[in-house]
Amino acid sequence: MKTLKEQFDILSDGAVDLLPQEDFMRKLERSIATGKPLRAKLGLDPSRPDIHIGHAVVLNKLRQFQDLGHTVVLIIGDFTAMIGDPTGKSKTRPALTLDETRENGKTYVEQAAKILDMSRTEVVYNSQWLDSMSFRDVITLSAKYTVAQLLERDDFTKRYRSGEPISVHEFLYPLSQAYDSVAVRSDIELGGTDQKFNLLVGREIMKAYGQEPQCILTMPILEGTDGVEKMSKSLDNYIALTDSAKDMFGKTMSIPDSLIARYYRYACFAGGEDVARMESELAAGTLHPRAAKVHVSGSLVDRYHGEGSGKEALDEFERVFVKKDIPDVIEETVLDGTSLDIVTILTSASMAQSKSEARRLIQQGGVSIDGTKITDPAALIDLQLPVILRVGKLRFLRISGR
RNA sequence: GGGUAGGUACUCAAGCGGCCAACGAGGGCAGACUGUAAAUCUGCUGACUUAUGUCUACGGAGGUUCGAAUCCUUCCCUACCCA
């Protein structure tokens with residue numbers, strides 16, 4: 001069993017906030033003394049079933065809790081997802097049915113299992129308690145917090161000032177999330193830094209319900225592969241846990257230099273010393289940024305696809321992008337006809353969304369067949385034998401006719 | 001309930017009777033240069049059997065007009081002020 005100090009050092013490493021520190025120390029101390037594990041809570045939004053390595057930052061931290069013997073409580077927000085979305089950004093997000101959210105929740109958990117130790121994980125759905133609350137219960141809950149307190153949240157303040165709509169139910173979101181903490185009696189809740197407000201509401205609400213308030217731990221929000229926006233599916237700048245080794249490697253190679261060490265630390269969960277060494281070598285110029293990225297990409301792939309797969313991904317990468325060769329595995333599509341015009345091929349193979357787009361791609365020189373650039377939109381392609389179609393830098397497809 | 005300002009393509013945002021598939025910016029895509037980095041430069045960015053062509057589109061539905069994103073009516077939506 002690790003000592004208090006050791007546990008604290010491990011758990012606080014890489015965290016942005018761990019509040020209040022003294023309370024957390026007390027909880028840890030008690031846990032060590034009584035042998036009773038802490039309950040670490042994480043709420044999941046099951047409206048989008050794919051987990052990406054941005055989510056993984058927090059999951060990895062949870063894993064550290066588990067490795068120290070503590071319990072993780074995953075709350076699938078099936079009830080909240082059913083109602084809609086609070087962020088205002090995507091106000092047209094369709095409300096999901098309970099079945100859909102359950103289904104998403106399941107895939108979510110399957111993916112989380114790549115990181116978490118499921119034998120030390122409790123999975124619960126918040127509809128279990130939220131769905132059965134009466135209107136009276138809701139009023140009781142909402143009476144425990146004030147509008148001014150809610151408006152403290154950055155995002156609410158901004159929207160309120162700039163005249164954007166805020167629906168009343170959005171105010172209820174932080175409260176219901178806070179109530180989840182009451183329901184599962186969490187000792188500490190984790191989340192991204194964007195969740196800090198919500199996590200803190202949890203403390204107040206727990207107190208109001210006569211419980212010992214949870215501590216909060218926030219992890220950084222990992223930027224997406226564009227290096228600017230936070231990683232998210234809707235911005236398409238994400239690396240999914242389910243991405244193939246090849247994609248994972250390639251996507252990581254495309255991150256800006258400024259993010260290399262950050263990815264090393266929060267995506268690969270490299271230790272503080274290793275990260276510091278990389279940072280200083282990069283700064284000193286003794287390590288080429290590309291080499292550092294190759295290392296980061298490789299260890300990321302190793303992490304999720306097994307030891308050694310990072311090397312394979314690198315070999316493939318070198319072949320395609322350094323030697324300008326074609327990938328060794330290319331998806332194949334069979335089309336009707338043995339001689340088709342290039343525009344038809346592009347659209348029916350889903351490499352272009354419309355014929356206009358196909359023509360544009362051709363005119364701009366982004367299309368080649370077997371390595372030969374196609375410039376004539378009316379060109380006929382002989383498909384007696386399979387050909388390799390390349391669109392842009394990254395998209396390859398083997399086409400054969402019948 | 002009353003008043004004011006608004007609702008334009010992925011986003012922001014011009015246009016305010018014909019020259020509008022709609023300026024500009026961002027984003028995205030393609031190309032050049034590179035380290036699948038950044039920065040920079042160029043082109044494209046509604047669809048259709050590529051046509052000085054047709055269709056769809058400026059919150060919805062009607063209307064005026066030879067002609068509407070632009071004018072009128074009505075409905076819906078948003079913010080703010082008053083109650």
Side-chain angles (χ1 to χ4, degrees), chain A residues 87-93 151 156-168 170 223-230 232-239 243-264 267 278 281-283 285 287-298 300-301 313-327 337 340-348 350-368 373-380 389-396:
Chain A
T87 64
K89 224 179 176 182
S90 48
K91 36 188 158 177
T92 53
R93 176 182 288 193
L151 274 174
F156 284 150
T157 312
K158 274 192 200 131
R159 283 163 62 193
Y160 191 68
R161 287 222 183 102
S162 65
E164 281 171 64
I166 301 175
S167 304
V168 173
E170 297 187 51
E223 291 81 359
T225 51
D226 59 8
V228 182
E229 300 292 336
K230 76 173 193 181
S232 84
K233 197 175 182 184
S234 46
L235 293 171
D236 197 27
N237 61 357
Y238 68 104
I239 301 175
D243 272 344
S244 67
K246 186 181 132 192
D247 283 350
M248 206 177 254
F249 194 94
K251 285 183 184 179
T252 311
M253 285 306 283
S254 75
I255 63 171
D257 290 1
S258 54
L259 245 50
I260 297 173
R262 206 167 155 79
Y263 266 53
Y264 194 39
M278 179 181 280
E281 286 178 9
L282 279 171
L287 177 66
H288 191 281
R290 183 177 189 277
K293 252 201 271 190
V294 165
H295 180 66
V296 170
S297 306
L300 186 66
V301 172
L314 171 63
D315 290 344
E316 166 88 357
F317 182 84
E318 295 285 338
R319 177 165 61 243
V320 178
F321 296 106
V322 179
K323 294 185 196 151
K324 307 282 181 203
D325 210 340
I326 57 169
L340 294 170
D341 66 279
I342 184 69
V343 170
T344 305
I345 292 175
L346 283 168
T347 50
S348 43
S350 305
M351 296 297 263
Q353 295 211 330
S354 66
K355 301 203 169 185
S356 304
E357 186 184 316
R359 288 198 190 89
R360 254 176 252 136
L361 284 166
I362 295 162
Q363 276 157 12
Q364 293 177 137
V367 178
S368 67
K373 193 176 281 185
I374 304 293
T375 50
D376 176 12
L380 283 177
L389 171 68
R390 181 176 194 166
V391 179
K393 284 188 184 67
L394 308 173
R395 294 150 72 207
F396 293 88

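Heavy atoms only: backbone and side chains are in, while hydrogens, waters and symmetry mates are out. Naming: A, B, ... by sequence-line order, numbering from 1 per chain. The model shown is predicted, which means the values in this text are computed figures rather than measured ones.
Partner assigned to B:rG67 is none, using Watson-Crick or G-U wobble distances below 3.5 angstrom. Nucleotide B:rG43: paired with B:rC29 (Watson-Crick or G-U wobble, both distances less than 3.5 Å). Pair assignment for B:rC19 gives none, since no Watson-Crick or G-U wobble pairing has each distance under 3.5 Å. Nucleotide B:rC48 is matched to B:rG53 when pairs are restricted to Watson-Crick or G-U wobble geometry with both distances under 3.5 angstrom. Using the Watson-Crick or G-U wobble rule with both distances under 3.5 Å, B:rU78 pairs with B:rA5. The nucleotide B:rA37 finds no pairing partner, because no Watson-Crick or G-U wobble arrangement with both distances shorter than 3.5 Å includes it. With a cut-off of 3.5 Å on both Watson-Crick or G-U wobble distances, the partner of B:rC58 is given as none.
Proximity of A:S254 to the phosphate of B:rA37: no side-chain N or O atom is located under 4.0 Å from OP1 or OP2. At least one side-chain nitrogen or oxygen of A:K393 sits closer than 4.0 Å to the OP1 or OP2 atom of B:rG31. The side chain of A:K251 places no N or O atom within less than 4.0 Å of a non-bridging phosphate oxygen (OP1 or OP2) of B:rU36. Contact check, A:S356 against B:rC48: a side-chain N or O comes under 4.0 Å of OP1 or OP2.
Between A:Q353 atom CD and B:rC10 atom C1' there is a gap of 12 Å when expressed in whole angstrom units. Separating the CD1 atom of A:I260 from the P atom of B:rA37 is a distance of 12 Å, rounded to the nearest angstrom. Rounded to whole Å, atom P of B:rG31 lies 8 Å from atom CG of A:L361. The interatomic distance linking A:F317 (CZ) with B:rG35 (C1') rounds to 8 Å, in whole Å. Put simply, CG on A:D226 is 11 Å from P on B:rC29, counting in whole angstrom units. Taking atom OH of residue A:Y263 and atom P of nucleotide B:rA38, one finds them 12 Å apart after rounding to whole Å. Put simply, CG on A:D236 is 16 Å from P on B:rU11, counting in whole angstrom units. Atom CD of A:E357 is separated from atom C1' of B:rC10 by 14 Å (rounded to the nearest Å).
Comparing B:rU54 with B:rC20, their P atoms are spaced 16 Å from each other, to the whole Å. Comparing the C1' positions of B:rA68 and B:rA21 gives an interatomic distance of 15 Å, to the nearest angstrom. The P atoms of B:rC82 and B:rC29 are separated by 47 Å, rounded to the nearest whole Å. For the P atoms, the distance linking B:rC72 with B:rU4 amounts to 15 Å, nearest Å. Comparing B:rC10 with B:rG60, their P atoms are spaced 13 Å from each other, to the whole Å. Nucleotides B:rG62 and B:rU52 have their C1' atoms positioned 35 Å apart, rounded to a whole Å. For the P atoms, the distance linking B:rG26 with B:rC71 amounts to 30 Å, nearest Å. Comparing the C1' positions of B:rU56 and B:rU8 gives a spacing of 16 Å, expressed to the nearest Å.
Residue A:G365 is in sugar-phosphate contact alone, with no base atom involved, counting any heavy-atom pair closer than 4.0 Å across all strands shown.
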What does the list of N/O pairs under 3.5 Å between the protein and nucleotides 77-83 of chain B look like, with a distance for each?
unit_1 : atom_1 : unit_2 : atom_2 : d
B:rA79 : O4'    : A:G163 : O      : 3.3

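Contact detail for A:P377 and A:Q363: the closest heavy-atom pair is CG-NE2, 4.4 Å. For A:V301 against A:A313, the heavy-atom pair with the smallest separation is CG1-CB, 4.4 Å. Looking at every heavy atom in both residues, A:A352 comes nearest to A:E357 through CA-OE2, 3.9 Å. Shown here for A:Y263 and A:T225, the closest heavy-atom pair between the two residues is OH-N, 3.7 Å. The shortest non-hydrogen separation linking A:I374 to A:I362 is O-CG2, 3.5 Å.
For A:R359, whose side chain is taken as the heavy atoms from C-beta onward, the closest listed nucleotide among B:rC48, B:rU50, B:rG35 is B:rU50. The side chain of A:P256 sits closest to B:rA38 out of B:rA38, B:rG35, B:rA47. Closest to the side chain of A:K293, from the set B:rC44, B:rA37, B:rC48, is B:rA37. In this structure, the nucleotide among B:rC44, B:rC48, B:rG35 sitting nearest to the side chain of A:R360 is B:rC44.
Map A:V367 and A:K246 each onto its nearest nucleotide of RNA chain B; the residue landing nearer the 5' end is A:V367. Map A:V391 and A:M253 each onto its nearest nucleotide of RNA chain B; the residue landing nearer the 5' end is A:V391.
Cation-pi geometry between A:K393 and A:F321 is not met: the NZ or CZ atom fails to fall both under 6.0 Å from the ring centre and inside 45° of the normal.
In this structure, A:K323 does not pair ionically with A:E318, as no charged nitrogen and carboxylate oxygen lie closer than 4.0 Å. Taking 4.0 Å as the cut-off between side-chain N and carboxylate O, A:R319 and A:E316 count as a salt-bridged pair.
A donor-acceptor pair under 3.5 Å is absent between the side-chain atoms of A:S167 and the main chain of A:E170, judged by distance alone.
Contact annotation: side chain of A:Q364 to base of B:rG31, donor-acceptor pair absent below 3.5 Å.
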Note to self: Could you walk me through whether A:E223 and A:K230 satisfy the salt bridge (Lys or Arg N to Asp or Glu O under 4.0 Å) test, starting with their C-alpha distance in whole Å, then the side-chain angles of each, then the deciding distance to 0.1 Å, before giving a yes or no?
What the structure shows: CA-CA 4 Å; A:E223 291 81 359; A:K230 76 173 193 181; over 6 Å; no
